[in-house]
There are 2 protein chains.
Amino acid sequence: MRWNLLSTCVRSSFGKLALAAAVSATLVSVAPAQNKVELSSGQLSELQKVAATRGLNVDDLIAAAKTYTPSGKIDEYITFASGGHSGQIFVIGVPSMRQLRTIAVFTPEPWQGFGYGSGEDVLKEGDLDENHKIRWGDTHHPALSETDGSYDGQFLFIGDKANARIAVIDLRDFETKQILKNPITMSDHGCGFVTPNSEYVIEGGQYANPLGNTYAPIEEYKKAYRGMCTLWKFDRAKGRIDKSKSFAIELPPYHQDLFDAGKLASDGLIFGNSFNSEAAYGAIERGMPPLEAAASQKDMDYLHVIDWKKAEKLVEAGKAETINGFKVLKIDTLIKEGVLYFIPEPKSPHGVDVTPDGEYVVVSGKLDPHVTIYSTAKIRDAIATGKIKSHDEYGIPVLDFDACKEVQVEVGLGPLHTQFDDKGYAYTSLFLDSAICRWTLGGKLAKHGQKPWTVMGKAPMQYNVGHLVTAEGDTASPDGKYMIGMNKWSVDRFFQTGPLLPQNFQLVDISEGGDKMPVLYDLPIGNGEPHYAQMIKADKLKPWDIYPEIGFNPHTMAVDPKAPMPGDEKVVREADGKVHVYMTIVRSHFTPENIEVNEGDTVVFHLTSMEQAVDATHGFCIAGYNINLSLEPGEYAVTEFKATKAGTFPFYCTEFCSALHLEMMGYFQVKPTQGAAAK
Amino acid sequence: MRWNLLSTCVRSSFGKLALAAAVSATLVSVAPAQNKVELSSGQLSELQKVAATRGLNVDDLIAAAKTYTPSGKIDEYITFASGGHSGQIFVIGVPSMRQLRTIAVFTPEPWQGFGYGSGEDVLKEGDLDENHKIRWGDTHHPALSETDGSYDGQFLFIGDKANARIAVIDLRDFETKQILKNPITMSDHGCGFVTPNSEYVIEGGQYANPLGNTYAPIEEYKKAYRGMCTLWKFDRAKGRIDKSKSFAIELPPYHQDLFDAGKLASDGLIFGNSFNSEAAYGAIERGMPPLEAAASQKDMDYLHVIDWKKAEKLVEAGKAETINGFKVLKIDTLIKEGVLYFIPEPKSPHGVDVTPDGEYVVVSGKLDPHVTIYSTAKIRDAIATGKIKSHDEYGIPVLDFDACKEVQVEVGLGPLHTQFDDKGYAYTSLFLDSAICRWTLGGKLAKHGQKPWTVMGKAPMQYNVGHLVTAEGDTASPDGKYMIGMNKWSVDRFFQTGPLLPQNFQLVDISEGGDKMPVLYDLPIGNGEPHYAQMIKADKLKPWDIYPEIGFNPHTMAVDPKAPMPGDEKVVREADGKVHVYMTIVRSHFTPENIEVNEGDTVVFHLTSMEQAVDATHGFCIAGYNINLSLEPGEYAVTEFKATKAGTFPFYCTEFCSALHLEMMGYFQVKPTQGAAAK
């Protein structure tokens, strides 16, 4: 039994490591044993010499000390950033700014086995139909699940702007569990944002479409095209969105942009903004102004205010119509029942952000140098007292701007998004100024000791900052401390890797007040273009280190009755006519190692990893068959395919597992049938 | 012309940035202005407090200073690491250890537009056939092109172990230009390694197969299965491998593992190692030992020595046979012509590494605690004088071990790979010890002032180090300074991101001698499992910042005559019956903006980016059609598809380009035909 000795030897060696791990893993931010780290004169001299040799100044040394995270020390915050048109999510530790993991969401990714023989059910759910597969996405706004307006660390939602889809990720195993196609439109943007207890995940549309994804000539834009805001009902116990309890709100064909749910003082409301209230569709091919100009003519666009609790009741009362099998509250119903109001907002806004106390909504007009702050109490009052100034051309009541406005603050050129900290400062990204402006909130949140609604200073960004994120910045109680500027262009910041450049995430220290906001770190993002991120305290997340039981199916989140255990290994043609392979996997062999089928057979592999040590992951690939699975400790996976190609195909473990990893292989033989042999 | 004003405004703002860039980008490693950076007592106190608060010690502060790279400072070295079963390559700056970019190679990646409407010709070239697409790979060993045994920074090659394929990347634009399927086998491992002037790229096989990718029962393993080593001829002027001038060398069905080309003293030879000289195929399903044990029975396996210059002449002389359209030198010819010799090597080796002077070959037997150092002069002499001890069962002459061996050094448990520095130290990764051993070379390279062939010390790794890489470590003149341990397991080093953990790249400072090898940095790799890497001096790379001319086609590396220029924009049904869309792209509009076709039309988009500013990249996606392209400044791209789904599909720019980026969109209308409308 020499082979067992080999396995055991390796296994116990890892067992020791895992034990050491539990002891040595500590947070960097633990209370210091002393107030100062003492340096001898020799050590200080060495440090000074290293700095001089590398061209670092004193600020650099302090920034290095604030971010450098030695081996085995754990980051204090975890940032989930969308990957933009990579279709993925990036998990980044703060303050070390190291990318800890990519989560495959809309785009197949073989290291995780997602879409290469596994995860197909999830991906298929998001297809247009069986002939129109979509295998990427433009991820924009990750949203952590919330309880009482605070991140609870359980789930993560994200939208796909390119195809109007939404995904659900379970933060126990960091895997994508569900993808849903919006049945009524083709693009979204304000997705996802959650209501304070994750009752709903909001998906706001972007480019208007004939609802139901049908065709209508572009000349019929105003008549036939519509915007929308979809409320996806989240079933926390199941960890899935319940499509049957979800619904959409029909909106005029303006380009809705971002949405945010009210909280505390404004709980029950949803705020969304829009550009192109001109309802232009561009006609540069006819010598007319392109959309970028045609959609920027009016001085004001419309802030959308939606009463989602009222909308929910209307749907329950059967007041929704059905489009493409999906419940939609139509504009006339919304007007009649008082669900939807507009408020003017400075032209072409990009950000709409509710303050932590829910008292204010901050809107940034990207072509206007101000942020406009609306009072949610004043909005409620304007609705209650009927302060309606006009109606848009679809009959939607437009509230009086001055009645709803609290104040405007001039922050600089190209304001986009606003985030908050624990002291009552707000931070607005300035795209054209390439900076982030810190200004003071008024009201109950003002703990900064400064005059409210006043600019404090700006942190320069390299370059063209889009979104920004602060620690716990979207919750009812932000942490402050850290902010990341998510810069769209990096230009000269990093070594040039060809004409396609990375984005630049700049970490900013916001722990001090006033105008002090030093940039601590530049992180290149060279595998996608993140749009938005959320930053959560690391200790709020409770991920699994291995699956809870052997034979665990991540798609059902339970032990699978089909999972083979030792002794069950076999290759058998079952009643369904398919060849079923029942295989167990353990360092460092597959059982069975040789499998033969006939050309044309449908083959189903059932694989159970018997591993229980942390990090003892195996991969399983079959040469030539476009299959690669990742089997984490205890995981059961199933993959089905048709053996249409005759030949000899090695399979092997693709994730380095032991000193005998290269020997962990076998052969998948596809015997030619007569017809195939003749060719 | 208001829209032009808007564009111009944004453009000139970026122009200024680009100018600033040229001035501010400097190397961190420039000669210091002074010997020491001065700190005031207040600054020192702040630094000490930050360190204490974050739990850093003095060594951490020094490591931070050695790696921290402030905004705008450029890394000194660039590391190209394989992404393992992610199928990609990662570009990492050293010493900052930041991932600058992912290069899409075998796996489609939408941010780069690779495989989502563009790059299909490259990907298709690597398919088994048109019905058997392969859309991922298991990248193992990146190889930079060399001139006179030094990296020249022009091209990068990499193999796909899972499907026996090789890819060529052009380092002007960091894009994959070619993928070739090996016509005779299904898996490789030792791929790619280049000969000293990149005449050939070596692809060594791994798991034996019936040559030509055919079927043979597993019981006929010894008779019908074969290993191989393929020499791909590289045409540097064309930047492509020339398959017609390439050939393979037939080998016994041992599992060949890694290969390395001789250089200088050993130029003209190729060294490869092998495990499983037992020719076992595993039979655990029959109650027999699994392959991991069956392949580990003998104490010695075979080091392969191939005379590639002699082999090349034999192919030119017509001595190769043809298998599946590919030239193969068969074993009997190799024996008769003296092209192939074996030398015993301690069991189950993993690394075979030629020293910078070409005088020695270092082999690590992963189940033996020694590295075995062979003298290439002694090998040549043993061949010349016929010091043949025996023949293997395929008749291949086995040279006398003692006649070829220079020395053995006991380095520790699980030795895998060896790299070199500028002082004559060798570094061997120890998988089971989780450490890297530094030992001294003898011969002309010994500048270390120590006793040759002696262990100096070990740097602990967390955990299970596989490959390692030193700066310029595979060249005739390594730089020393930096080493990266490529650790397979990270266990407790980072915040747990579910059961699938990142790998851990540990940067080691090897600038000092003796046993001093401090670990400077832990970099998690959370989107693949890198196997090997090469590290090149950054200033050897000469990447483009934008494409050289407007209308440049990256696939032909020339201006494309089909590239539309301003005034050429149109939608036209051409003689081929296809609807051709000629579109130009500039901040922030597409021309045309509205396109209508009929359901069932084949549509060809020709897109030219008119941009000339660095980083002014546009994306182009069509909702629902699984298309996303990346158009870097000046690039021309073409994408063809069938409009099989009727409806209204927004297209838009997916790479944030200006304040009016969101307005950069249009509509692709697919008018239903009668048949489709009826459904």
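Worth saying up front: this structure is predicted, and the values here are computed from it rather than measured. Letters A, B, ... are given to chains in the order of the sequence lines, protein chains preceding strands, and every chain is numbered from 1.
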Does any backbone or side-chain atom of [X] lie under 4.5 Å from a heavy atom of chain A? Answer side chain, backbone, both or neither.
X	result
B:Glu655	both
B:Glu175	neither
B:Asn131	neither
B:Ala65	both
B:Glu529	both
B:Ile546	backbone

Between B:Tyr68 and A:Tyr68, is the ring centre distance below 6.0 Å?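 B:Tyr68 vs A:Tyr68: aromatic centres not under 6.0 Å.
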Can we call the ring centroids of A:Tyr667 and B:Tyr281 under 6.0 Å apart?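 They do not qualify: ring centres at least 6.0 Å apart.
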Out of curiosity, B:His85 NE2 to A:Glu109 CD, how far, rounded to the nearest 0.5 Å?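 Answer rounded to 0.5 Å: 8.0 Å.
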Working to the nearest 0.5 Å, report the span between CG of B:Asn213 and CZ of A:Phe649.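 If we round to the nearest 0.5 Å, B:Asn213:CG and A:Phe649:CZ are 7.5 Å apart.
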Go through the structure and list residues passing ring-ring contact (aromatic ring centres under 6.0 Å, His included) with B:Phe495, not counting sequence neighbours.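 ring-ring contact (aromatic ring centres under 6.0 Å, His included) check on B:Phe495 returns nothing, list empty.
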Taking only residues two or more places apart in sequence, or in another chain, which ones meet B:Phe656 in a ring-ring contact (aromatic ring centres under 6.0 Å, His included)?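 Applying ring-ring contact (aromatic ring centres under 6.0 Å, His included) to B:Phe656 gives A:Phe431, B:His661.
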Verdict with supporting geometry, B:His350 and A:Leu662, side-chain contact (heavy atoms from CB on, under 4.5 Å): CA-CA 9 Å; B:His350 197 43; A:Leu662 287 180; 3.0 Å; yes
Minimum side-chain heavy-atom gap [X]-[Y] below 4.5 Å:
X	Y	answer
B:Asp138	A:Cys621	no
A:Asp522	B:Pro70	no
A:Ile218	B:Glu596	no
B:Ser71	A:Arg493	yes

Can you tell me which of A:Gln112, A:Gln43, A:His132, A:Gln462 forms the most heavy-atom pairs within a distance under 4.5 Å of chain B?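 Option with the top pair count is A:His132.
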Which bit of A:Thr591 comes within less than 4.5 Å of chain B, counting heavy atoms only: side chain, backbone, both or neither?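 Answer is both: backbone and side chain atoms of A:Thr591 are under 4.5 Å from chain B.
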Toward chain B, the part of A:Ala51 with a non-hydrogen atom under 4.5 Å: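 When you check distances to chain B, atoms from both the backbone and side chain of A:Ala51 fall under 4.5 Å.
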Between the main-chain N or O of [Y] and the side-chain N or O of [X], is there a donor-acceptor pair closer than 3.5 Å?
X	Y	answer
A:Tyr207	B:Gly666	no
A:Gln48	B:Val37	yes
A:Glu593	B:Ala283	yes
A:Glu632	B:Pro499	no
A:Lys73	B:Gly55	yes
A:Arg101	B:Thr497	yes
B:Asp615	A:Ser490	yes
A:Asn626	B:Ile134	no
A:Tyr652	B:Ala162	yes
A:Thr648	B:Thr214	yes

May I ask you to check whether B:Asn594 and A:Glu285 show a side-chain donor-acceptor distance below 3.5 Å?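 On atom types as modelled, these side chains qualify, holding a pair under 3.5 Å.
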Will you find, in the side chains of B:Asn276 and A:Glu663, an N or O donor that is under 3.5 Å from an N or O acceptor?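 Looking only at side-chain atoms, A:Glu663 and B:Asn276 do not form any donor-acceptor pair under 3.5 Å.
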Pair A:Leu291, B:His589 - check side-chain contact (heavy atoms from CB on, under 4.5 Å), show working. CA-CA 7 Å; A:Leu291 184 66; B:His589 51 267; over 6 Å; no
Could you walk me through whether B:Lys36 and A:Glu46 pass salt bridge (Lys or Arg N to Asp or Glu O under 4.0 Å), step by step? CA-CA 9 Å; B:Lys36 281 183 172 190; A:Glu46 187 184 350; over 6 Å; no
